[in-house]
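Structure first, commentary second.
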Amino acid sequence: MRPFEDSPISRDGKVLILAYDHGLEHGPVDFEDVPETMNPETVWETATHDAVSALAVQKGIAEAYYPSYEDDVNLLAKLNGTSNLWMGEPDSAVNWSVDYAAEVGADAVGFTMYGGSNKEVEMAEEFRKAQEAARKHDLPVVMWSYPRGQGLKNDKKPDTIAYAARQALELGADVAKVKYPGSSEKMEFAVDMAGPTQVVMSGGSKTSDRDFLSTVKGAIDAGAVGLAVGRNVWQRENPTQFLDALEAVIYEETSVEEALSRI
Ligand code: FBP
C-alpha cells in the first residue's frame with residue numbers, strides 16, 4: 001500500500017477530490033442548472049481553490065486543460081468510465097492506460113469498480129493491471145467502489161457499503177470512495193472494514209448546504225479522510241464559498257454551524 005499521507009492528493013492527511021467526469025457518466029443533464037459548467041474551464045478554475053486536493057477527470061479533458069493548470073491543480077486521472085447511453089449490466093470502459101496518464105502528468109489514478117455486476121470479474125482483472133502499473137509509477141489509486149448490478153436490490157445498505165470499502169482494500173486501492181450509508185455509525189463500519197485503505201465519501205446529487213455539510217461532518221467523524229464530490233460543488237451558484245465551508249469541515253474539523261457561517 002502506498003503511504004497516503006505523503007501522497008500528492010492529500011493535504012495534511014485529508015482529501016477533497018473534485019469530480020468532473022459527469023459529461024461522460026451522466027451527459028448534458030448535469031450542466032442544466034449552471035450552464036457555465038458545461039465549459040470545463042469553469043470547473044478547472046473552481047479546482048484551483050486551496051480546499052481541492054485533486055481534480056478527477058477523464059482523458060480528453062485532462063489532455064485539453066491540464067497543461068494550463070498543472071501548477072495549480074493536482075490531476076486525478078479517472079481511468080475508466082462509461083456513458084449513460086450504455087444500457088447493459090454495469091461496466092466501465094478503460095479509456096486510458098496508467099502509463100499514458102503518468103505521461104500526461106497524473107498525480108493519482110481513479111478506477112470505478114462495480115462489485116456485484118455480472119462484469120465484476122472482468123473489471124477486477126482490469127483493475128489489477130491498473131493498480132500494478134500505478135505502483136510502478138508510485139501513483140496513489142482511488143477506487144470508486146460502487147456495488148451495483150442486477151443482483152443487488154439495494155446498494156445503500158450499510159453492509160453493502162462496508163463490503164465495497166473492504167473490496168477496495170482487498171484489491172489494493174489506497175483510497176476507497178463509497179456512498180454514505182446514512183449515519184456516522186454506519187460509515188464507521190465501512191471505515192473499519194477498509195482497514196489501512198483510506199475512505200472518502202462520495203458526493204451524490206445536489207442537496208441543501210446544511211444537509212450536505214452535515215453528511216460530510218458525519219463521514220469525517222466516522223474516520224473518513226474526506227470527500228470526492230462533483231455536483232454538490234459545481235452545481236451551486238457559489239462553488240467557491242461552498243468550498244470554503246467544506247474546507248472548514250474537512251480540514252479544520254469545525255462544526256456544521258461554523259462551516260455554514262463561511263458561506
Ligand atoms: P457526484 O458528487 O456528483 O456524485 O460525483 C461523484 C461521482 O462518482 C462522479 O465521479 C461520477 O460521475 C458520478 O459520481 C457517478 O454517479 P452515479 O454512478 O451514481 O450516477
Side-chain angles (χ1 to χ4, degrees), residues 9 15-34 37-38 40 42-44 46-47 51-62 75-96 106 108-117 119-120 123 141-149 152 154-157 160-161 164-165 168 173 175-181 199-209 211-213 215-216 219 224 226-236 239 242-243 245-246 249-250:
I9 63 163
V15 70
L16 195 167
I17 297 165
L18 188 63
Y20 184 62
D21 55 346
H22 302 64
L24 176 66
E25 295 283 345
H26 297 162
V29 65
D30 279 5
F31 308 134
E32 273 170 10
D33 288 355
V34 185
T37 57
M38 200 187 305
T42 306
V43 177
W44 281 90
T46 302
V52 177
S53 57
L55 177 67
V57 290
Q58 284 283 338
K59 177 170 71 175
I61 295 212
L75 174 63
L76 192 159
K78 182 70 201 316
L79 298 174
N80 62 351
T82 303
S83 86
N84 212 14
L85 303 168
W86 167 251
M87 290 298 152
E89 181 71 359
D91 198 0
S92 196
V94 180
N95 302 316
W96 44 338
V109 294
F111 200 99
T112 293
M113 168 62 64
Y114 295 129
S117 160
K119 301 291 183 182
E120 178 181 328
M123 292 187 86
V141 180
V142 182
M143 181 186 283
W144 275 226
S145 197
Y146 289 175
R148 66 178 60 160
L152 267 171
N154 179 357
D155 62 1
K156 296 257 177 69
K157 269 178 29 190
T160 306
I161 289 172
V175 179
K177 172 180 189 293
V178 299
K179 308 258 180 201
Y180 190 68
V199 172
V200 296
M201 182 193 116
S202 185
S205 53
K206 191 177 144 202
T207 57
S208 73
D209 292 356
D211 283 356
F212 193 67
L213 291 169
T215 305
V216 176
L227 176 66
V229 58
R231 289 164 289 178
N232 266 290
V233 169
W234 47 257
Q235 281 184 349
R236 286 182 150 72
F242 198 63
L243 282 169
L246 287 172
V249 171
I250 295 171

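Since we're looking at a predicted model, the values are computed, not measured. When a ligand or atom number is given, it counts from 1 through the structure's own listing order. Residue numbers count from 1 along this sequence.
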Write none if no such pair exists; otherwise list each N/O atom of ligand 1 with its protein N/O partner under 3.5 Å and the distance.
residue, atom, partner, partner atom, Å
ligand 1, 2 (O), G204, N, 3.2
ligand 1, 2 (O), G230, N, 2.8
ligand 1, 3 (O), H22, NE2, 2.8
ligand 1, 3 (O), R231, N, 2.8
ligand 1, 3 (O), R231, NE, 2.7
ligand 1, 4 (O), G204, N, 2.8
ligand 1, 4 (O), R231, NH2, 2.7
ligand 1, 5 (O), H22, NE2, 3.0
ligand 1, 8 (O), W144, NE1, 3.1
ligand 1, 8 (O), Y146, OH, 2.6
ligand 1, 8 (O), K177, NZ, 2.5
ligand 1, 10 (O), D21, OD1, 2.8
ligand 1, 10 (O), D21, OD2, 3.3
ligand 1, 10 (O), W144, NE1, 3.0
ligand 1, 12 (O), D21, OD1, 2.7
ligand 1, 16 (O), H26, NE2, 3.4
ligand 1, 18 (O), R148, NH1, 3.0
ligand 1, 18 (O), R148, NH2, 3.3
ligand 1, 19 (O), R148, NH2, 3.3
ligand 1, 19 (O), K179, NZ, 3.0
ligand 1, 20 (O), H26, NE2, 2.6

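- Within the 3.5 Å criterion, the main-chain N or O of N80 finds a donor-acceptor partner in the side chain of K78.
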Check the pair I61, Y20 against side chain to side chain contact (heavy atoms under 4.5 Å, CB included), reporting the backbone distance first and the verdict last. CA-CA 9 Å; I61 295 212; Y20 184 62; 4.0 Å; yes
Quick one, N95 with L24, criterion side chain to side chain contact (heavy atoms under 4.5 Å, CB included). Give me CA distance, side-chain angles, the key distance, then yes/no. CA-CA 11 Å; N95 302 316; L24 176 66; 4.1 Å; yes
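- The aromatic rings of F31 and W234 sit tilted relative to each other, their planes meeting at an angle between 30° and 60°.
- Between Y114 and Y146, the ring planes are tilted. Angles from 30° to 60° get that label.
- For residues 227-236, the salt bridge (charged side-chain N to carboxylate O under 4.0 Å, His left out) pairs, not counting sequence neighbours, are D209-R236.
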